[in-house]
Protein chains: 2
Amino acid sequence: MTSTDSTDLLDIGEVIEASGVKASTLHVWEKAGLIDVAQRNGLRRQYEPEVMTRIAVIVVAKRAGFSLDEIGDLFTPGIFDEGKTLLTSKLDELRQRRDELDAAINGLEHAIACPASSPFACEGFQSTLPDVLPVT
Amino acid sequence: MTSTDSTDLLDIGEVIEASGVKASTLHVWEKAGLIDVAQRNGLRRQYEPEVMTRIAVIVVAKRAGFSLDEIGDLFTPGIFDEGKTLLTSKLDELRQRRDELDAAINGLEHAIACPASSPFACEGFQSTLPDVLPVT
DNA sequence: CAACAACCTCAACTCGTGTTGAGGTCAAGA
DNA sequence: TCTTGACCTCAACACGAGTTGAGGTTGTTG
């Protein structure tokens, strides 16, 4: 029997190259419980190929504004199972954030199209300001 | 003559109450050049009413992911005038972020509707993962 | 006027995330 | 076997953004 049964595991170097995420960052994410190490070859970490999906999720979630702790919650089976309430409330947050983002985009589009000398002189921009105050 | 000519200026306390932003945060934003103090009453800051708009913009921009420095750029007249290139590139970033956010929302909606026990077991979720890798 | 409450400054601290660097281990190829 | 370079650990540092607290000032009200 050849050593083919570990052929599908990825060295950290491969993960780094394929993902663009640095080793130090992967270590941090691992310590935060976001990614698992399948096994070690000596000291060296070896990952299941699925780690790439995981990393993609983390990257997307971070851009969406999740903290590492919150991302960890998404990965916790119990939390996911129990009525998915956490996920649902996250979803609400995300929707709201998207709406705000949309408002910001519209505002900036107005401001760019406008001859005014600053966003504040552009009433199209002004009108897109949601009543975000008081900050909750 | 009464003191009516400063009647329209806001004490920091009023700003705090109306905006929900803490004094310490306002100080930080002021130091970063994001908000101006119209005048002082003794030591005490007094603001033009327009500061409320400014604060609303800052809050929205922060939620949209701008750093304080970037927000400062938006307020710099020269930068705004000069072809509005900065604003335009910010706008591109925002659009991309919104698209990612949309993808994340769709993914989570799939995951919630799905009987699978984790987002990774949900192929609707999987299919919404953009190719965010390698991270640029 | 006297006292108080609101405000001030400034430095030090917190928190989350990640990076850097020194020094050590080890798998694999020549 | 020897070497090499990829990888390891762990602590210290960096950075953005804000908070806290000690100690000081002062406008306002009784």
Side-chain angles (χ1 to χ4, degrees), chain A residues 2-7 9-47 51 54-55 57-75 134-136, chain B residues 2-7 9-47 51 54-55 57-75 134-136:
Chain A
T2 65
S3 61
T4 43
D5 55 352
S6 65
T7 294
L9 293 183
L10 305 173
D11 281 347
I12 197 173
E14 304 176 83
V15 174
I16 290 168
E17 176 156 11
S19 72
V21 177
K22 292 186 175 182
S24 58
T25 302
L26 291 176
H27 292 166
V28 169
W29 291 357
E30 177 186 332
K31 207 164 298 182
L34 303 189
I35 52 183
D36 303 315
V37 175
Q39 63 178 228
R40 298 262 186 162
N41 176 17
L43 282 183
R44 307 179 184 194
R45 293 162 171 85
Q46 305 207 278
Y47 300 94
V51 82
R54 199 95 166 191
I55 289 173
V57 174
I58 296 170
V59 170
V60 170
K62 279 189 60 61
R63 291 221 194 157
F66 285 78
S67 70
L68 296 191
D69 276 358
E70 291 173 325
I71 296 171
D73 289 344
L74 290 185
F75 296 158
V135 178
T136 46
Chain B
T2 65
S3 61
T4 44
D5 56 341
S6 66
T7 294
L9 292 184
L10 305 173
D11 280 346
I12 196 173
E14 304 176 84
V15 173
I16 289 168
E17 176 156 12
S19 72
V21 178
K22 293 185 176 183
S24 58
T25 304
L26 291 176
H27 292 166
V28 169
W29 291 356
E30 178 186 330
K31 206 164 299 179
L34 304 190
I35 52 182
D36 302 316
V37 175
Q39 62 179 231
R40 297 264 186 161
N41 175 18
L43 282 183
R44 306 177 184 197
R45 293 163 171 83
Q46 305 208 277
Y47 300 93
V51 81
R54 200 93 166 191
I55 289 173
V57 173
I58 295 170
V59 169
V60 170
K62 280 189 59 63
R63 292 223 191 155
F66 286 79
S67 70
L68 297 191
D69 275 359
E70 291 172 327
I71 296 172
D73 289 346
L74 291 185
F75 295 160
V135 179
T136 45

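Throughout, a chain's letter reflects where its sequence line sits, starting with A, and its residues are numbered from 1.
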Exercise. Which part of the nucleic acid does A/Thr25 contact within heavy-atom distance under 4.0 Å: base, sugar-phosphate only, or nothing?
Worked result: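 A/Thr25: backbone/sugar contact only, no base atoms under 4.0 Å.
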For this session: Could you check whether A/Asp69 gets within reach of a base, just the sugar-phosphate, or nothing at all, counting any heavy atom under 4.0 Å?
Result: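 No contact.
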Atom pair distance, as rounded to whole Å: [atom1] in [X] and [atom2] in [N]:
X	N	atom1	atom2	value
A/Phe66	C/dT17	CZ	P	13 Å
A/Ile16	D/dA6	CD1	C1'	10 Å
B/Lys31	D/dT19	NZ	C1'	12 Å
A/Gln39	D/dC8	CD	P	13 Å
B/Asp11	C/dC7	CG	C1'	9 Å
B/Leu34	D/dG16	CG	P	14 Å
A/Lys22	C/dT17	NZ	P	18 Å
A/Glu70	C/dC15	CD	P	17 Å

What closest approach, in Å, do [X] and [Y] show between heavy atoms, and which atom pair accounts for it?
X	Y	value
A/Lys22	A/Ile16	C-CG1, 4.5 Å
A/Tyr47	A/Asp36	CD2-O, 3.3 Å
A/Ala23	A/Ile12	CB-CD1, 4.2 Å
A/Leu26	A/Ile35	O-CD1, 3.6 Å

Exercise. With nearest nucleotides of DNA chain D determined for A/Glu30 and B/Ser24 from heavy-atom distances, which residue corresponds to the more 5′ nucleotide?
Worked result: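 Mapping each residue to its closest nucleotide by heavy atoms, the 5'-most match is A/Glu30.
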Problem set entry | Closest listed nucleotide, where the reference is the side chain of A/Ile12 and the choices are C/dT17, D/dT28, D/dC8 |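 Between C/dT17, D/dT28, D/dC8, the one nearest the side chain of A/Ile12 would be D/dC8.
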Exercise. Among the nucleotides C/dC8, D/dC8, C/dT19, which one has an atom lying closest to any side-chain atom of A/Arg45?
Worked result: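 Out of C/dC8, D/dC8, C/dT19, the nucleotide with an atom closest to A/Arg45's side chain is D/dC8.
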Problem set entry | Side chains of A/Phe66 and A/Asp73 in contact at under 4.5 Å (non-hydrogen atoms) |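 Answer no - side chains too far apart.
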Exercise. Quick one: on DNA chain C, does B/Arg44 or A/Leu43 contact a more 5' nucleotide (nearest heavy atom)?
Worked result: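 The answer here is B/Arg44.
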Does a side-chain N or O of [X] approach OP1 or OP2 of [N] to a distance below 4.0 Å, or not?
X	N	value
A/Trp29	C/dT17	no
B/Lys62	D/dG18	yes
B/Arg40	D/dG27	no
B/His27	C/dC8	yes

